[in-house]
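Quick notes on the structure that follows.
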There are 4 protein chains.
Amino acid sequence: MELAMVGLGRMGANMAERLVRGGHRVVGSDPSPEARAKAADKGIEPAESLAAAIEALPSPRIVWLMVPAGDLVDKLLAELETLLAADDVVIDGGNSRYQDSLRRAERAGERGLHFVDVGTSGGVWGLAEGYSMMIGGEDDVVDSLTPLFETLAPAADKGWGHVGPAGAGHFTKMVHNGIEYGLMQAYAEGFAIMSKKAEFGVDLHQVAEIWRYGSVVRSWLLDLTADALDKNPSLEGIAPYVSDSGEGRWTVAEALELDVSAPVITLSLLERLRSREENSFGDKLLAAMRNEFGGHAIKSD
Amino acid sequence: MELAMVGLGRMGANMAERLVRGGHRVVGSDPSPEARAKAADKGIEPAESLAAAIEALPSPRIVWLMVPAGDLVDKLLAELETLLAADDVVIDGGNSRYQDSLRRAERAGERGLHFVDVGTSGGVWGLAEGYSMMIGGEDDVVDSLTPLFETLAPAADKGWGHVGPAGAGHFTKMVHNGIEYGLMQAYAEGFAIMSKKAEFGVDLHQVAEIWRYGSVVRSWLLDLTADALDKNPSLEGIAPYVSDSGEGRWTVAEALELDVSAPVITLSLLERLRSREENSFGDKLLAAMRNEFGGHAIKSD
Amino acid sequence: MELAMVGLGRMGANMAERLVRGGHRVVGSDPSPEARAKAADKGIEPAESLAAAIEALPSPRIVWLMVPAGDLVDKLLAELETLLAADDVVIDGGNSRYQDSLRRAERAGERGLHFVDVGTSGGVWGLAEGYSMMIGGEDDVVDSLTPLFETLAPAADKGWGHVGPAGAGHFTKMVHNGIEYGLMQAYAEGFAIMSKKAEFGVDLHQVAEIWRYGSVVRSWLLDLTADALDKNPSLEGIAPYVSDSGEGRWTVAEALELDVSAPVITLSLLERLRSREENSFGDKLLAAMRNEFGGHAIKSD
Amino acid sequence: MELAMVGLGRMGANMAERLVRGGHRVVGSDPSPEARAKAADKGIEPAESLAAAIEALPSPRIVWLMVPAGDLVDKLLAELETLLAADDVVIDGGNSRYQDSLRRAERAGERGLHFVDVGTSGGVWGLAEGYSMMIGGEDDVVDSLTPLFETLAPAADKGWGHVGPAGAGHFTKMVHNGIEYGLMQAYAEGFAIMSKKAEFGVDLHQVAEIWRYGSVVRSWLLDLTADALDKNPSLEGIAPYVSDSGEGRWTVAEALELDVSAPVITLSLLERLRSREENSFGDKLLAAMRNEFGGHAIKSD
């Protein structure tokens, strides 16, 4: 198939490359000349502008957005409205909030365009191993894109699926990331417990390797954990500072909205916030209260 | 009544003083000459040794232990076994684990002694305001001690009660402290949220004062919070380091033992552990994992 | 002072009555003839309509809204825009979300009106004991309302305060309710632990009474708990079903927005959701997973 | 090698069978004639008694216990003390608490025996796929057992390791199970959120299948989840009742002992307790409190 990949950052460039390797024609658009040059080396046709990328495609056009979630998506969609024609397809493969995708799909539909949301998992490993894709959109439109998904996925019949109407793809991806937070935190806690148990002197990398085969907790995240512990067994030099990129908190908000109690996903998010708190006011207040009622000593800052 | 107070630290000395003020005769025992001298100034009769204290009392003897929980209680009980006679009464007013009190009561009973466990709340404010006491022990023995409890309590008929057999007093006090952890953490979180909301510039001390009257969250801990925020509105110089003295974790262990889900008490304890963790291994591992799968940047230590 | 109380439900009628008792003139508006008749018995002047209530007041008019949070507030504000004139004051004393109050204050200001948000705590006990009020609004406007707050509060100088600009009142009340959730859950867990400990046969009502005096956990919520356990010691006939009315989840959302980790307030909310879940899909899935990997038996529905 | 397998239940019989398939000679002991007969069909030599099993082995004897954790292990060890001689080896492959293994290893050592603890993961799938084994014990003793581990593991060089001195094997397995609780709960919550989102009508089995390939959350537990959802998409007939078999709560206790905050593992355990609570006293009390302060309606049982 032929399509434009808008956004040639780490994710977009890798996906475009995997598509090219799979025999598709990919026109690539990105404001950065370096990103375009690098993409050209991989067989992606660089376009100087979004308009140029669209012009380079036959009708109906397929445009795959792979850019950071948020305003940029709306900005690009507004520009695309002026460039595209009826029956063209816009795919948002980024980590957009599903409520945004619902809104964008409705607006696209009003203009005769088709909007498809593709929740994409796989990270930096996707180029080699394939991407897991949860797809939302109209049946016939998603069907028509099948060759793309078959190429991007780990196998033609594995790791991708049309999960529902527009919005459902990003919704499912959001929950995927919520689960991811919980899984990561579970491993982190377990390894932290072992690392604190000095008397056994357990080799954490060895344990991770043992568990990779035959154990109940084997997983891809454990493979990565083993890899990280192999490179840096004591995690020296790594700050205990855990970022979050939005989908965890959206999942927590969604669970509340649906009245579903999701304590582990929620606490995983809170733990990340906690990792970034410095000089917690709450903890200072607890220390002050203990001093008030019990005369317990307060540690100085 | 006449009794020996064993342990003239902050709690023991204050309780002895309140008993003396209430017309009781208190012989005080403590290894520290300073503590004994200070107690003597308050009308407590200092005794050079535990044996001397016992000798100074009429039969049946009443001995109130007010010492740190743990081995010291067992050590003193062993010594008391050699000094006391049938029908003498030993009261443990400290924060002993209730399982220890069950064991100690059984052993005391085998020697003809009576064991009473008094869970005591009130902290440094008890001298002035009276102590809240949860009492475990045999009916007639606890009855016979009524005048002591009436004096120590905030009022003769308020703030104390015989809650069950030996062990029940410390059990109830343990749960009291578990609840205390939860209450404290709830306030701490609320004030932390307000302190972070820079745009409203809310005066935390003022809010605490408002809430003290008429609000649903009014409480003694809030009174103390208001006091702490009055003295030090930004809690400057206080380390965000929260100790725990055992009863919180015993409550958590008990809840698990009883198969009762107590998430808030449990999380309150975990938050204290968290406040003392430096350079969390778990958080470092989370950062390392994010780097592994997503190429997300790691902050350096 | 003279004012209109709009909404003569439980809260509005009680507050109007307390104002009348304090010597203020209150015109009462409510769509229900019964509510108006009942209010009239308490010395509140019933008005047939909102317009009639406004007309009955001297300028500048003071209108106190005491209605359920949400669309009704906006509807009433829209109607009031047509009835009020420059420098009139609208007070929202309900449990509105503070972001709504920010928006409403801005709009009111554009029309020359003054908007004041009063977070009000005290529930059904406020009539007798006074209300705790956290007030947001312009300095001089809030100052001019002082006599009302002095009457409504537990004492002229206690239980109320001007905490910041418009929005700050409802923000502070929101956090108050978040804390309330945490406090309630802490007590609930503690009493649940004691109720499960059959061997001690602790009398929960007695324990609550003991703790009311001198203990660290004494509070107004504990007073109510003692009262509830007095009336119904085993809580027979009460379903384990806990509602929530919004402010808890707003507090959780706010904490996330501010990147403050508030595990206890958050878990208190989740526990309420959990209390209302029937036939939890998550728990079924856990049982199914255990069967898958370990052959563990599944209980039938 | 030659060894006795004591306990021919699901785990013991499967492990014995895998050993036989791997060319080892296994004498099997179990009080159940049916279990012995079934084992005989797989090439395991049935022994009428523990004594008979020991007698059938050459010196030094190797005895592998695969029985439920707890008193039975101590009972068998006491019997083995009378049957074994210096330098014989006892392996506990069950889910014993590691503190018990420390104690048992010490006692065995005093009698000249060698104790090895093998934390074993893999469940009912271990026969076909191999077991993941975390091994604690003396270096040379564990070394001498290498052929057994190479046979039982998924591959000779994969899925097993000598992690430390006696006790370290069961300690590591305990943490493994704690992590397992967290992972399971994370998936359960995620699928529960999706199942509640009626508007997207997401097919949960399809989503699980998609995620199995290329996604960040792919894991063996997800494979099992997909399998469970394939067989029973709505989990109909499965009670939302989740048992726990000890290691989760031991992990929580250990984390507290080590002062490591492990909120997700802890909450995963609490959620299981919660799934088994009927008519929660805490929730009833919350409903009663809300009625007390706010007049909120109580649902009847």
Side-chain angles (χ1 to χ4, degrees), chain B residues 121-123 126 129-132 134 153-155 158-161 163-165 167-168 171-172 175-176 178-180 182-183 185-187 189-190 192-194 196-197 200-203 206-207 209-211 213-221 251 254-255 258 260 262-265 267-268 271, chain C residues 121-123 126 129-132 134 153-155 158-161 163-165 167-168 171-172 175-176 178-180 182-183 185-187 189-190 192-194 196-197 200-203 206-207 209-211 213-221 251 254-255 258 260 262-265 267-268 271:
Chain B
S121 182
E129 305 199 359
Y131 298 90
S132 184
M134 303 128 244
K158 283 194 162 46
W160 71 278
V163 297
F171 170 80
T172 308
V175 175
H176 167 281
I179 293 172
E180 178 188 304
L183 303 181
Q185 181 66 25
Y187 286 117
E189 291 176 8
I193 291 167
M194 289 188 289
K196 195 83 179 279
K197 189 72 172 178
F200 285 137
V202 166
D203 174 336
Q206 182 201 18
V207 170
E209 288 293 342
I210 293 172
W211 288 350
Y213 304 96
S215 89
V216 172
V217 303
R218 64 194 191 257
S219 73
W220 189 63
L221 279 165
T251 308
E254 183 71 28
L258 293 169
V260 172
V264 153
I265 292 177
L267 264 290
S268 300
E271 172 57 26
Chain C
S121 182
E129 305 199 357
Y131 297 91
S132 184
M134 303 128 247
K158 284 193 162 41
W160 70 278
V163 297
F171 171 79
T172 308
V175 174
H176 166 281
I179 293 172
E180 179 188 305
L183 303 181
Q185 181 66 23
Y187 285 117
E189 291 177 8
I193 291 168
M194 289 188 288
K196 195 81 179 280
K197 190 72 174 178
F200 284 136
V202 166
D203 174 336
Q206 182 201 18
V207 171
E209 288 292 344
I210 293 172
W211 288 350
Y213 303 96
S215 89
V216 172
V217 302
R218 64 193 190 258
S219 72
W220 189 62
L221 278 166
T251 308
E254 183 70 28
L258 293 169
V260 172
V264 152
I265 291 177
L267 264 290
S268 298
E271 173 57 26

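In the text below, chain A, chain B and the rest are named by the order of the sequence lines, each starting its count at 1. The structure presented is a predicted model; accordingly, all values stated were derived computationally and were not measured.
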Has the side chain of C/Ser215 got a donor or acceptor atom that lies under 3.5 Å from a matching backbone atom of B/Ser121? no
Residues B/Phe200 and C/Gly167: closest non-hydrogen pair is CZ-C, 3.7 Å
Could B/Arg218 and C/Glu129 be called an ion pair, given the rule that one side-chain N must be under 4.0 Å from one carboxylate O?
yes
Practice prompt. Kindly determine whether C/Ile179 and B/Glu189 satisfy side chain to side chain contact (heavy atoms under 4.5 Å, CB included), including the steps that lead there.
Written response: CA-CA 8 Å; C/Ile179 293 172; B/Glu189 291 176 8; over 6 Å; no
query: Taking C/Ser132 for the side chain and B/Ile210 for the main chain, is one N or O donor matched with an acceptor at less than 3.5 Å?
result: yes
Step by step, work out the side chain to side chain contact (heavy atoms under 4.5 Å, CB included) result for C/Trp220 and B/Val216. CA-CA 7 Å; C/Trp220 189 62; B/Val216 172; 3.8 Å; yes
Shortest non-hydrogen pair, B/Gly190 vs C/Val175, comes out as O-CG1, 3.4 Å
Judged by atom type as modelled, is there a donor-acceptor pair below 3.5 Å linking the side chain of B/Lys196 to the main-chain atoms of C/Leu258?
yes
In short, B/Ile265 meets C/Ala186 closest at the heavy-atom pair CD1-O, 4.0 Å
Turns out that what part of B/Val207 lies under 4.5 Å from chain C's heavy atoms comes down to side chain
Of all heavy-atom pairs linking C/Ala255 and B/Ile193, the shortest is CB-CD1, 3.8 Å
When the 4.5 angstrom heavy-atom criterion is applied to B/Trp160 and chain C, the contacting part is backbone
Applying a strict 4.5 Å limit to non-hydrogen atoms, the region of B/Glu180 in contact with chain C is both
Scored by heavy-atom pairs under 4.5 Å with chain C, the best of B/His176, B/Glu271, B/Glu209, B/Met134 is B/His176
Given B/Ser219, B/Gly201, B/Gly214, B/Gly164, the one with more heavy-atom pairs under 4.5 angstrom with chain C than any other is B/Gly214
Chain B shares the most heavy-atom pairs under 4.5 Å, among C/Gly159, C/Ala155, C/Gly182, with C/Gly159
Worksheet item: So do C/Trp211 and B/Thr172 actually touch side chain to side chain, heavy atoms under 4.5 Å?
Response: yes
Max heavy-atom pairs within cutoff under 4.5 Å with chain B, candidates C/Val260, C/Leu267, C/Val264, goes to C/Val264
(Q) Any salt bridge linking B/Lys197 with C/Glu254? Criterion: basic side-chain nitrogen under 4.0 Å from a carboxylate oxygen. (A) yes
